[in-house]
Amino acid sequence: MVKKTRNTPSPIIRKIVAYTNPRSLVSEQYRTLRTNIKFSSPDKEISSILVTSSMHSEGKSTTAANLAIVFAQEGKQVLIIDADMRKPTMHFTFSLKNNIGLSSILIRQNILKEAVKTTHVENLDLITCGPIPPNPAELLGSKSMNLLMVQLKELYDIIIIDAPPILAVADSQILANICEGAVLVINSGETEKGKAMKAKEVLASSNSRLIGAVVNNYKMPKEKN
């Protein structure tokens with residue numbers, strides 16, 4: 001493992017119910033998602049997962065954070081990378097600083113051990129976005145990003161990448177090409193069917209394999225007497 005930047009995060013952690021309330025029904029659903037991902041590749045364990053959505057505000061970052069947590073709770077060494085260089089949120093989610101992060105590594109301003117941060121969650125590290133660059137797609141598609149992923153796969157069991165919405169910018173499709181699997185987050189009742197299908201097509205055209213979709217904010221129908 002790399003030597004990590006030590007942080008003293010605030011005890012208030014946003015939207016990560018798998019950590020704050022691990023016995024809840026929602027947390028159990030994230031564990032089910034973890035199990036389904038394992039079953040999706042019985043012959044080879046998936047070590048890098050892209051989490052994206054068709055458009056903004058569909059819950060992809062919340063899904064990525066909770067998925068990373070349930071893998072860490074299983075004893076895996078997990079890293080989550082905030083690769084949404086246009087609207088990063090992971091530093092808020094885990095109450096950590098964002099002065100050094102992925103962008104800092106890719107432009108060689110900082111080395112890896114300076115960018116990796118510990119979180120409240122045992123076995124879970126985070127690389128925040130870092131300073132927002134003017135050219136996210138170019139950075140994410142660079143040789144430096146490819147080399148970084150090779151290096152990280154030697155250090156962690158699972159790498160979860162929180163990527164931008166795949167229909168909004170090219171970044172997610174670029175990132176999908178360096179991940180073994182992808183998860184598409186759909187906001188129940190909000191995501192347009194056409195956009196969800198288009199997002200699926202874009203992921204299918206990449207080198208990554210679409211593992212499946214997560215339906216977010218789904219309301220269970222009430223049972224009739």
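Quantities reported herein were computed from a predicted structural model and do not represent experimental measurements.
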Query raised in the report: Should Met145 and Leu106 count as side-chain neighbours, where that means a heavy-atom distance under 4.5 Å?
Result: yes
Query raised in the report: Are Leu155 and Leu79 close enough that some pair of their side-chain heavy atoms sits under 4.5 Å apart?
Result: no
**Report entry** Option passing side chain to side chain contact (heavy atoms under 4.5 Å, CB included) with Leu67 (candidates Val214, Ile37, Thr62, Asp162)
**Finding:** Ile37
**Report entry** Beyond-backbone contact of Leu140 with Leu102, side-chain heavy atoms, under 4.5 angstrom
**Finding:** yes
Requested in this report: Taking the side chain as every heavy atom from C-beta outward, state whether Glu45 and Lys76 have any atom pair closer than 4.5 Å.
Outcome: yes
Requested in this report: Examine distances only and state if a side-chain atom of Thr119 and a backbone atom of Leu124 form a donor-acceptor pair shorter than 3.5 Å.
Outcome: yes
Report task. Measure from the side-chain N and O atoms of Asn98 to the backbone N and O of His91, and report whether any donor-acceptor pair falls under 3.5 Å. Result -> no
Query raised in the report: So how far is it from Lys195 NZ to Met55 CE, rounded to the nearest 0.5 Å?
Result: 4.5 Å
**Report entry** Gap separating the OG atom of Ser95 from the CD1 atom of Ile16, nearest 0.5 angstrom
**Finding:** 8.0 Å
Query raised in the report: Does any non-hydrogen side-chain atom of Ser54 lie less than 4.5 Å from one of Lys198?
Result: no
Query raised in the report: Short question: side chain of Asn216, backbone of Glu58 - any donor-acceptor pair under 3.5 Å?
Result: yes
Query - Asp82 side chain to Thr128 backbone, donor-acceptor under 3.5 Å - result: no
Requested in this report: Could you tell me the separation between the CG atom of Asn110 and the CG atom of Asn99, rounded to the nearest 0.5 Å?
Outcome: 8.5 Å
Query raised in the report: Is a side-chain donor or acceptor of Asn66 paired with a backbone partner of Val17 at a separation under 3.5 angstrom?
Result: yes
Report summary line: Rounded to the nearest 0.5 Å, the CD1 atom of Ile80 sits from the CD1 atom of Ile158 at a distance of 12.0 Å
Requested in this report: May I ask you to test the Cys179-Ile161 pair for a side-chain heavy-atom distance under 4.5 Å?
Outcome: yes
Query raised in the report: Can you find a heavy atom in the side chain of Ile107 that is under 4.5 Å from one in the side chain of Pro133?
Result: no
Query - Separation between CE of Met149 and CD of Glu180, rounded to the nearest 0.5 Å - result: 8.0 Å
Report task. Supply the atom-to-atom distance Ile160 CD1 to Leu126 CG, rounded to the nearest 0.5 angstrom. Result -> 12.5 Å
Report summary line: Here the pair of heavy atoms bringing Ala65 nearest to Thr93 is CB-CG2, 4.2 Å
Report task. For Gln73 and Ala18, indicate whether the former's side chain and the latter's backbone hold a donor-acceptor pair under 3.5 Å. Result -> yes
Query - Ile69 side chain near Tyr30 side chain, heavy-atom distance below 4.5 Å - result: no
Report task. Indicate yes or no for a side-chain donor-acceptor contact from Ser103 to the backbone of Pro131 under 3.5 Å, with no hydrogens or angles considered. Result -> yes
Requested in this report: Identify the residue among Ser205, Ser206, Ser208 that makes a side chain to side chain donor-acceptor pair (under 3.5 Å) with Gln173.
Outcome: Ser205
Query raised in the report: So, Thr52 side chain and Pro164 main chain: donor-acceptor pair closer than 3.5 Å or not?
Result: yes
Query raised in the report: If only atom types and distance count, is the side chain of Arg86 paired as donor or acceptor with the main-chain N or O of Pro136 below 3.5 Å?
Result: no
Requested in this report: Check whether any side-chain N or O of Ser27 sits under 3.5 Å from a backbone N or O of Arg23 as a donor-acceptor pair, and report yes or no.
Outcome: no
